[in-house]
Colleague: 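Structure provided below as structure tokens; questions to follow.
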Amino acid sequence: YGPGGVPGNADQPSGSPWQTTTFTMNEYRFIKDPGNVHRDADENRGSHRVLAAAASSAVALHAPRASPASLGRLSTAAPRSSLPLAPNPSAAVPRGDALRLKGGADANTLVFSLFKAIVGSGVLCLSGGMAAFTNSRAMLLPSFALAFVSMILSAYSYYSVGATCAATGATTYKEAWSATVGPSTAWVPSLAIVSQTAVATICYAIIIGDVLRDVAIAFGATGALANRDVLLPSIAALVILPLCMLRDFGLLAYTSMFGVAGVLYCTLFMLYRHFSGSYSRGTELFRSLSAAQRPSFGSSTTPLKALILVAMFNTAYMAHYDAPKFLAMVGNRLTEFAKLTKAGFFGAFLISALIMASGFLTFGGSSMGLILNNYAAGDTLALLARVGMLASIVFGFPLVFSGFRTGALSLLDIKAPSQATLDTIAVATVSVAVGVALKMSDLGFAASFSGALLGSAIIYIFPAMMHVALAKKAVEADQQLKPKKRKGVALGNEAYMNYGIMALGVALAGIGASVSYLQSFTDILN
């Protein structure tokens, strides 16, 4: 399109998949050329109609220029930017248009869906993450600050993945990478995501083993019936494996609601136990605890170990491979996607902060990798929390496994696997997850190490790389135009900020993973 929205693509570089759109507002974008289809000039009167036409018949970059703070607030700056972006998307959507899911569900349903995708059992290790570097109550405020900054960065990168998908027409994380960084390395993010889901199956197995043992003890079981090494393989063989071998996981689709309900109940229960002083020295519940479980407070702090908590936040805020799905659910409207992102991630921050604080303020430096392990076996409220979490994790395991299996098959380019192949993968995955969980029962290490190594890549490094790569494509496309048609597109502040996010991700991955390992398996940091 030429000036004023007049059809024409004479200025498109030969062989380039991108064409330039110039609006009467002197704002512009790059959109994928759907075959050089010329549109009627009457459809393109004004920049808003151009936007609507492009969005309806081409894969358009439907994105307001966003800062990490505003996550979608429109910029009024001149069009020299790190990324060529659209004019105000609200022009293409009536101001009163409510955020709607396909099928008619409202905005609250969609926000809850994102909240459900973000919040999981990983929040139950955050108190232990605090205890890894301090036993001082004074460190609660700095820990809140770490939680908030991690949430802001995670939300920004989540939004960035959505913006990249909107710009390229990608419908998956892998497609977004292929369209920006390049298809030859698309296996890299795929491998990271598959590895993360594999670690998730191990974390689930660890939780099941710990919680099932405590539930059995609470009901009076002794001997082998209260032995974690017996209970975990038994429930894996009798319940988890058959669920993972189901032909259709649709029956389990709604069980994820139990997970959210379990986390919310744990939040209320932990807050009540803290404020009621139920585990204060001298109480019946305090006396029933072992020495390792009892509250321990002091003034010691090891700042370097705070990276363990930061790595755990990566696990707690990770849902980035679902960003393309949620973008599609809001009709590829980035203004609405930004609202969804802010609401979903802020809700996750609140729950994470409350669980972290209530657990740590109750048990201090004794807070365990799975905070439920700190509560007494005879605590009735804790028993309800354990039973609820056990049910949600057992029925959630097949859904996590399904994500792992789908990703692994895609990575291996197996398009039509036989049922025997699917069953073999199920047996191997459950066996490995249970085997590792029997040898390594520290949920805190699993969450922090994977959060540092894989979470940093998925949340920080990969989205930043895609953003910068897309910005560079815009610059290159602008340079290929005739001199009089160039808009002076250049890498702006947001692109350089993403270079910084990349560097932060690399540092967190390397240093965070090293600290997590040294803390769990050596005495070097003690």
Colleague: Answer whether the closest heavy-atom distance between the side chains of Thr429 and Cys244 falls below 4.5 Å.
Modeller: no
Colleague: Looking at Glu284 and Arg287, is any side-chain nitrogen of the basic one under 4.0 Å from a carboxylate oxygen of the acidic one?
Modeller: no
Colleague: I'd like to know if the side chain of Ser402 reaches the main chain of Pro398, judged simply by a donor and an acceptor atom lying under 3.5 Å from each other, with no hydrogens or angles considered.
Modeller: no
Colleague: Between the side chain of His274 and the main-chain N/O of Phe269, is any donor-acceptor distance below 3.5 Å?
Modeller: no
Colleague: Under 6.0 Å between ring centres: does that hold for Phe345 and Phe115?
Modeller: no
Colleague: Give me the atom names and distance for the closest heavy-atom approach of Ser278 to Ser276.
Modeller: OG-OG, 2.6 Å
Colleague: Lys439: which residues meet the salt bridge (Lys or Arg N to Asp or Glu O under 4.0 Å) condition with it, sequence neighbours left out?
Modeller: none
Colleague: Can you check whether Tyr375 reaches Asp214 side chain to side chain, under 4.5 Å on heavy atoms?
Modeller: no
Colleague: Would you check if Pro324 and Val161 make a side-chain contact, meaning some heavy-atom pair closer than 4.5 Å?
Modeller: yes
Colleague: Assess the pair Tyr321 and Tyr158: is the distance between their ring centroids shorter than 6.0 Å?
Modeller: no
Colleague: When the ring centroid of Phe349 is compared with that of Phe148, is the distance short of 6.0 Å?
Modeller: yes
Colleague: Within the distance-only criterion (no hydrogens, no angle test), does the side chain of Ser367 pair as donor or acceptor with the backbone N or O of Gly364 below 3.5 angstrom?
Modeller: yes
Colleague: Can you check side-chain hydrogen bond (donor to acceptor under 3.5 Å, both in side chains) on Thr421 and Thr424, steps first, answer last?
Modeller: CA-CA 5 Å; Thr421 299; Thr424 300; over 6 Å; no
Colleague: With a 4.5 Å heavy-atom cut-off, do Val387 and Val211 have their side chains touching?
Modeller: no
Colleague: Under a 4.5 Å cut-off applied to non-hydrogen side-chain atoms, are Thr180 and Val468 in contact?
Modeller: no
Colleague: Any idea which heavy atoms bring Ala306 and Leu146 closest together, and the distance?
Modeller: CB-CD1, 4.4 Å
Colleague: Check whether Asp210 reaches the backbone of Leu370 with its side chain - one donor and one acceptor, N or O, closer than 3.5 Å.
Modeller: no
Colleague: Does a side-chain heavy-atom distance below 4.5 Å link Leu232 with Leu438?
Modeller: yes
Colleague: Go through Arg273 and Asp379 one step at a time and tell me if the salt bridge (charged side-chain N to carboxylate O under 4.0 Å, His left out) criterion holds.
Modeller: CA-CA 10 Å; Arg273 283 303 188 210; Asp379 186 339; 2.6 Å; yes
Colleague: Output yes when a side-chain donor or acceptor of Ser410 lies under 3.5 Å from a complementary backbone atom of Thr406, and no otherwise.
Modeller: no
Colleague: Show me, pair by pair, the donor-acceptor contacts under 3.5 angstrom made by side chains of residues 453-462, not counting sequence neighbours?
Modeller:
residue	atom	partner	partner atom	Å
Ser456	OG	Asn314	ND2	3.2
Ser456	OG	Ala452	O	2.7
Tyr460	OH	Asn314	OD1	3.3

Colleague: Could you check Gln293 against Ser290 for side-chain hydrogen bond (donor to acceptor under 3.5 Å, both in side chains), going step by step and ending with a plain yes or no?
Modeller: CA-CA 5 Å; Gln293 292 174 296; Ser290 66; 3.2 Å; yes
Colleague: Backbone N or O of Met368 within a donor-acceptor pair of the Asn373 side chain at under 3.5 Å?
Modeller: no
Colleague: If you define the side chain from C-beta out and look only at heavy atoms, does anything of Ile207 sit under 4.5 Å from Met389?
Modeller: no
Colleague: Please determine which of Phe363, Tyr272, Phe286 meets the ring pair (Phe, Tyr, Trp, His ring centres under 6.0 Å) test together with Tyr279.
Modeller: Phe363
Colleague: Please report the closest heavy-atom contact between Asn135 and Ser296, naming both atoms and the distance.
Modeller: CB-O, 3.9 Å
Colleague: From the options Leu231, Val434, Val239, Leu390, select the one residue that forms a side-chain contact (heavy atoms from CB on, under 4.5 Å) with Ile208.
Modeller: Leu390
Colleague: Under 3.5 Å, side chain of Ser288 to main-chain N/O of Leu285, donor-acceptor pair present?
Modeller: yes
Colleague: Heavy-atom count check: over 12 atoms from other residues, nucleotides or ligands less than 6.0 Å from Leu381 CG?
Modeller: yes
Colleague: Nearest heavy-atom pair of Thr315 and Gly451: which atoms, and what distance?
Modeller: OG1-CA, 3.5 Å
Colleague: Taking the side chain as every heavy atom from C-beta outward, state whether Tyr173 and Lys325 have any pair of such atoms under 4.5 Å apart.
Modeller: no
Colleague: I'd like to check the side chain to side chain contact (heavy atoms under 4.5 Å, CB included) partners of Pro142; sequence neighbours left out, ordered by chain and number.
Modeller: Met139
Colleague: Any side-chain to backbone donor/acceptor pair from Trp177 onto Thr185? Under 3.5 Å, distance only.
Modeller: yes
Colleague: Is Thr341 reaching over with its side chain to a backbone N or O of Tyr159, donor-acceptor style, under 3.5 angstrom?
Modeller: no
Colleague: With distance as the sole test, does Arg386 use its side chain to make a donor-acceptor pair with the main-chain N or O of Leu372 at under 3.5 Å?
Modeller: yes
